[in-house]
Structures are given as structure tokens and as C-alpha cells.
Protein chains: 2
Amino acid sequence: MKITAMTQSLVLHFGEMGSRWGLNRTLGQMYAVIVLTEAPLNADQISEALQISRSNVSMGLKELKSWNLIKLHHIPGDRKEYFSAPSDIWEIARTLVVERRKRELDPTLSTLRDALMEQPSNESDEYTQMRVKQMHDLMEMVTLWTNEMQGMSSEKLSALLKLGEGISKILDVKDKLLLR
Amino acid sequence: MKITAMTQSLVLHFGEMGSRWGLNRTLGQMYAVIVLTEAPLNADQISEALQISRSNVSMGLKELKSWNLIKLHHIPGDRKEYFSAPSDIWEIARTLVVERRKRELDPTLSTLRDALMEQPSNESDEYTQMRVKQMHDLMEMVTLWTNEMQGMSSEKLSALLKLGEGISKILDVKDKLLLR
DNA sequence: CTGAATTTTCAGTAATTTGTGAAAATTGTA
DNA sequence: TACAATTTTCACAAATTACTGAAAATTCAG
């Protein structure tokens with residue numbers, strides 16, 4: 001499959017960024033071409049578009065599946081599998097946040113909890129535990145938030161993000177509201 | 001410098017996680033030992049605590065400085081430089097979010113803007129541009145948010161995060177509030 | 001200004017991560 | 001069930017990234 005110059009340059013950029021996100025270059029490129037192309041693509045098309053080996057595509061797709069980032073399609077009379085990204089960009093963002101939290105926060109949260117269970121052996125450990133507690137509480141709050149986010153509709157999420165600087169004002173008047 | 005068993009295991013964990021965050025193993029370990037130790041540390045102490053070369057520590061400190069994650073101290077009568085982390089965990093979190101945004105979103109935002117300026121050469125490019133527009137708008141909102149966050153006090157940030165599921169309710173009544 | 005203490009740089013090496021082709025496994029249709 | 005199409009796995013190779021020691025640069029007390 002040939003890709004346009006515009007897509008090509010975007011794909012290259014997403015490749016470079018891929019490693020800064022939890023992915024890697026190929027994964028970034030693969031997801032870029034999938035997201036930016038309207039029709040679902042099969043593995044051979046991706047392999048050709050990005051000039052990477054068929055097996056690399058297979059491994060990349062496996063990983064994108066584990067991130068819940070792609071949808072699987074079947075075309076009647078064609079045995080190949082076709083892949084596309086959700087058409088709702090908010091759904092993609094939501095998935096990314098949740099999956100990154102799983103990979104980046106959950107394991108640490110568990111380690112921090114373990115450390116808090118231990119008996120401090122001296123006063124240096126006591127300081128350490130205090131910091132661990134602070135980190136733990138913060139990360140737990142972030143986790144609650146991402147869970148909240150997961151259940152939010154795209155419309156609501158978009159409305160929330162659009163608040164922008166308004167959020168500060170809302171916090172100021174929040175106590176005046178009858179919540180809970 | 002010797003570190004306790006508790007710190008040791010936390011340092012190892014943060015090392016493993018380091019690569020999942022935008023850092024790397026050594027950087028994760030270095031920051032862990034700095035955050036978890038009350039007294040500011042000098043480069044030799046870090047080098048000894050983590051069993052890594054002095055030059056590696058120097059490069060790591062350089063990077064932590066570029067992330068604005070460490071504070072520099074001087075001890076009277078000692079020519080060495082000592083480093084510590086902010087005592088306020090929210091300040092660390094705020095810095096992390098802002099710095100990651102700089103590295104993970106800003107370059108992409110600029111590339112997306114470039115792509116939007118181009119003339120679509122066919123209808124496939126038109127679809128691509130539509131998706132680019134969606135991504136661009138979303139990322140711009142996130143940028144606004146992190147800017148907002150940067151200016152927020154730790155107390156306010158903590159209050160916002162504590163809202164947790166309350167945020168949904170607030171959104172529901174937001175229109176009833178006289179904002180702006 | 002001098003020189004010892006300290007920090008930084010950098011070229012080379014080590015370690016890790018990523019990509020490939022060939023072979024194995026799976027799938028679905030005739 | 002048989003077999004061709006397709007996908008996945010995996011050992012090895014290639015590429016990238018991280019680490020080190022030695023040397024250069026910087027800092028500052030005397």
C-alpha cells in the first residue's frame with residue numbers, strides 16, 4: 001500500500017515519538033498509519049506501507065491488541081484480518097490513559113504498599129516511609145481519576161477538558177454546592 | 001553511603017519502572033534515592049549507594065536538572081554540591097506532568113499544526129487531516145490543562161484530585177453556576 | 001594566580017532493545 | 001480431513017541506548 005506524502009511525514013514523526021510514549025518506533029508508526037487511514041488495513045498493507053517485515057507487523061499488532069487500541073474487522077470473501085482504530089479520538093485517549101496507568105502506576109502502587117507494611121528499622125526508614133506514604137496517596141488518587149475517566153462518555157470527557165482554566169473557578173465555588 | 005534494605009528495594013523497583021516513565025533505569029534509581037533520603041546527597045554518595053560510576057551520576061544529575069526535579073544545596077566548608085528533591089510531593093508531580101508534556105506532546109502538536117497547513121492532495125488526505133485536527137484539538141486542551149496545573153497551589157491540586165468521582169457530579173451542575 | 005578538589009565530557013565498550021527470515025502453528029474452505 | 005492461506009513464534013542479527021574510565025574543564029581556597 002502506498003501512503004501519501006502527508007501521511008508519510010506524520011508516520012515518521014509518530015515513529016520518533018513512539019519511544020517517548022511507552023511504545024517504540026515501529027509501534028508508533030503502525031498506529032499512526034492505522035489511525036490516519038480511513039479503511040481498515042491488513043498486516044501486509046501495513047508491512048508494505050512502512051517497509052518493515054511481516055513478522056515485525058505481527059508482533060506490533062499483538063502489542064497494539066494488548067493495549068486495546070485496535071479493532072478487528074473481517075471482509076467477506078477475504079481470509080485476512082483487517083485492523084482499524086476507534087473512530088472516536090476520545091476513546092483512543094481514554095484507552096491510552098488507562099493502559100498507561102496500568103503499566104506505569106499499578107506496579108509501583110503495589111510496591112509502595114508493601115513498603116508501608118514493613119517495620120521501619122531506624123529513623124531514616126521512618127522518613128522513607130513518610131515519603132512512600134505521600135507518593136502512595138497521590139498515585140491512588142490518580143488511579144481513582146483514571147477509573148472515573150474510563151466510565152465517562154466522550155462528550156463528558158470533552159466538556160471536562162474544555163473547562164480548562166474554568167476548573168480553578170469551579171473549585172472555588174465547589175463548597176457552595178450541595179454535593180453528596 | 002549505605003542504604004537500608006527498605007530503600008534498596010524501593011530503589012530497585014524505581015529503576016525497573018524508570019524505563020516505563022520517560023527516564024531510564026539509572027535515572028529512576030537516582031531519583032528514588034534522592035527522594036527517599038532526607039538529607040541532600042552529593043554525587044559520590046549517590047555513586048556509592050547505587051554502585052554506579054561517578055560519571056554516570058554526573059550525566060544523570062544533568063538530566064534530572066533538565067527535568068527541574070532536583071534542588072541544589074551547598075554545605076558551608078564543603079566544596080561538593082548536594083542535591084535533594086522538593087519536600088512537597090505535589091510539586092514533584094506537577095513538575096513531572098509539565099515536563100512530560102513538553103517532551104511528549106509539544107513536538108507532536110507542532111507537527112500536527114504543520115500538517116493542517118498543508119493542502120490535501122486527494123480525499124485520503126482529507127480524511128487524514130480530519131483525524132489530525134481531532135488529535136490536535138485534544139492535545140491542545142491537555143496542554144491548557146497542564147498549564148493550569150502548573151499555576152495551581154499544592155493545596156488546590158490536592159483538592160481537585162480528591163474530588164475523584166465527585167468530578168462527574170460537578171460537571172452535571174456546572175451549567176447552573178455563574179462562571180465567567 | 002596556583003593547584004588541588006570537583007565536575008563534566010567523550011570515545012569506546014557493554015547491555016538492551018528491536019527487527020528479520022525461516023519454520024511452526026493456526027485458520028478456514030473445499 | 002486435507003491443504004493452502006495466513007498468522008505467530010523464535011533464534012539470531014542489527015541497531016540503539018546506557019555505562020565506564022580517562023582526560024579535560026571548571027571551581028574555589030589560599
Side-chain angles (χ1 to χ4, degrees), chain A residues 1 11-34 40-67 70-84 103-104, chain B residues 1 11-34 40-67 70-84 103-104:
Chain A
M1 197 193 70
V11 159
L12 290 180
H13 175 82
F14 276 81
E16 281 172 28
M17 296 306 288
S19 25
R20 301 205 190 176
W21 290 75
L23 323 167
N24 64 39
R25 182 154 41 88
T26 309
L27 228 54
Q29 291 188 354
M30 283 181 59
Y31 202 54
V33 79
I34 291 172
L41 300 176
N42 66 42
D44 288 323
Q45 291 174 308
I46 297 171
S47 165
E48 193 194 346
L50 305 180
Q51 308 271 50
I52 59 180
S53 73
R54 185 47 244 273
S55 56
N56 201 359
V57 172
S58 177
M59 293 191 298
L61 287 171
K62 184 179 171 187
E63 188 131 4
L64 288 177
K65 281 174 204 162
S66 84
W67 278 77
I70 47 177
K71 290 174 179 295
L72 178 58
H73 302 257
H74 282 289
I75 294 184
D78 189 339
R79 273 176 66 178
K80 290 200 174 94
E81 295 189 309
Y82 287 77
F83 301 91
S84 71
R103 291 162 173 78
E104 299 181 359
Chain B
M1 199 193 69
V11 159
L12 289 180
H13 175 82
F14 277 82
E16 281 172 29
M17 297 306 287
S19 26
R20 301 205 190 174
W21 290 74
L23 322 167
N24 63 39
R25 182 154 42 88
T26 309
L27 228 55
Q29 292 188 353
M30 282 181 60
Y31 203 54
V33 81
I34 291 172
L41 300 176
N42 67 42
D44 287 324
Q45 291 175 309
I46 297 170
S47 165
E48 193 195 344
L50 305 180
Q51 308 271 50
I52 59 180
S53 74
R54 185 48 242 274
S55 56
N56 201 0
V57 172
S58 178
M59 293 190 299
L61 286 172
K62 185 180 170 186
E63 188 131 2
L64 288 177
K65 281 174 204 162
S66 84
W67 278 78
I70 47 177
K71 290 173 179 294
L72 178 58
H73 301 257
H74 281 288
I75 293 184
D78 189 339
R79 272 175 67 178
K80 290 200 173 92
E81 296 189 309
Y82 287 77
F83 301 91
S84 71
R103 290 162 172 79
E104 298 180 0

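Letters A, B, ... mirror the listed sequences (proteins, then strands); counts begin at 1.
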Considering only heavy side-chain atoms of A:Ser58, the closest of D:dC19, D:dT7, C:dG19 is D:dT7

Per atom distances to the B:Asn24 side chain, the nearest of D:dT20, C:dT8, D:dA18 is D:dA18

Could you pull out all donor-acceptor pairs under 3.5 Å where a side-chain atom in residues 44-52 of chain A meets a protein atom, sequence neighbours excluded?
unit_1	atom_1	unit_2	atom_2	d
A:Gln45	OE1	A:Asn42	N	2.8
A:Ser47	OG	A:Ile52	O	2.7
A:Glu48	OE1	A:Met1	N	2.1
A:Glu48	OE2	A:Met1	N	3.0

On the nucleotide [N], are OP1 or OP2 found under 4.0 Å from the side-chain N or O atoms that [X] carries?
{"X": "A:Arg54", "N": "D:dT7", "result": "yes"}
{"X": "B:Lys80", "N": "D:dC28", "result": "no"}
{"X": "A:Lys62", "N": "D:dT7", "result": "no"}

Rounded to the nearest Å, what distance is computed from the [atom1] atom of residue [X] to the [atom2] atom of nucleotide [N]?
{"X": "B:Ile52", "N": "C:dA14", "atom1": "CD1", "atom2": "P", "value": "19 Å"}
{"X": "B:Leu64", "N": "D:dA18", "atom1": "CG", "atom2": "P", "value": "14 Å"}
{"X": "A:Leu27", "N": "C:dT17", "atom1": "CG", "atom2": "C1'", "value": "13 Å"}
{"X": "B:Gln51", "N": "D:dA18", "atom1": "CD", "atom2": "P", "value": "21 Å"}
{"X": "A:Asn42", "N": "D:dA5", "atom1": "CG", "atom2": "P", "value": "15 Å"}
{"X": "A:Asp44", "N": "D:dT7", "atom1": "CG", "atom2": "C1'", "value": "10 Å"}
{"X": "A:Leu50", "N": "C:dT20", "atom1": "CG", "atom2": "P", "value": "11 Å"}
{"X": "A:Gln45", "N": "D:dT7", "atom1": "CD", "atom2": "P", "value": "11 Å"}

- Walk me through it: do B:Ser66 and B:Arg103 pass the test side-chain contact (heavy atoms from CB on, under 4.5 Å)? CA-CA 11 Å; B:Ser66 84; B:Arg103 290 162 172 79; 3.4 Å; yes

Comparing A:Arg25 with A:Asp78, nearest DNA chain D nucleotide closer to 5' gives the residue A:Asp78

Out of curiosity, [X] [atom1] to [Y] [atom2], how far, rounded to the nearest 0.5 Å?
{"X": "B:Met30", "Y": "B:Asn24", "atom1": "CE", "atom2": "CG", "result": "9.5 Å"}
{"X": "A:Lys80", "Y": "A:Leu41", "atom1": "NZ", "atom2": "CG", "result": "12.0 Å"}
{"X": "A:His13", "Y": "A:Gln29", "atom1": "NE2", "atom2": "CD", "result": "12.0 Å"}

Check your understanding: Would you say A:Lys71 has more than 12 foreign heavy atoms packed within less than 6.0 Å of its NZ?
Key -> no

Tell me, with the steps shown, if B:Phe83 and B:Leu64 meet side-chain contact (heavy atoms from CB on, under 4.5 Å).
CA-CA 10 Å; B:Phe83 301 91; B:Leu64 288 177; over 6 Å; no

Comparing nearest nucleotides in DNA chain C, the 5'-proximal residue of the pair A:Asn56, B:Phe83 is B:Phe83

In 5'-to-3' order, the base (B), backbone-only (S) or no-contact (-) status of each nucleotide in nucleotides 22-30 of chain C, using a 4.0 angstrom heavy-atom cut-off, is B----BS--

Inset, instruction - Name the nucleic acid region contacted by A:Leu61, choosing base, sugar-phosphate or nothing; use a 4.0 angstrom heavy-atom cut-off, strictly under. - result: nothing

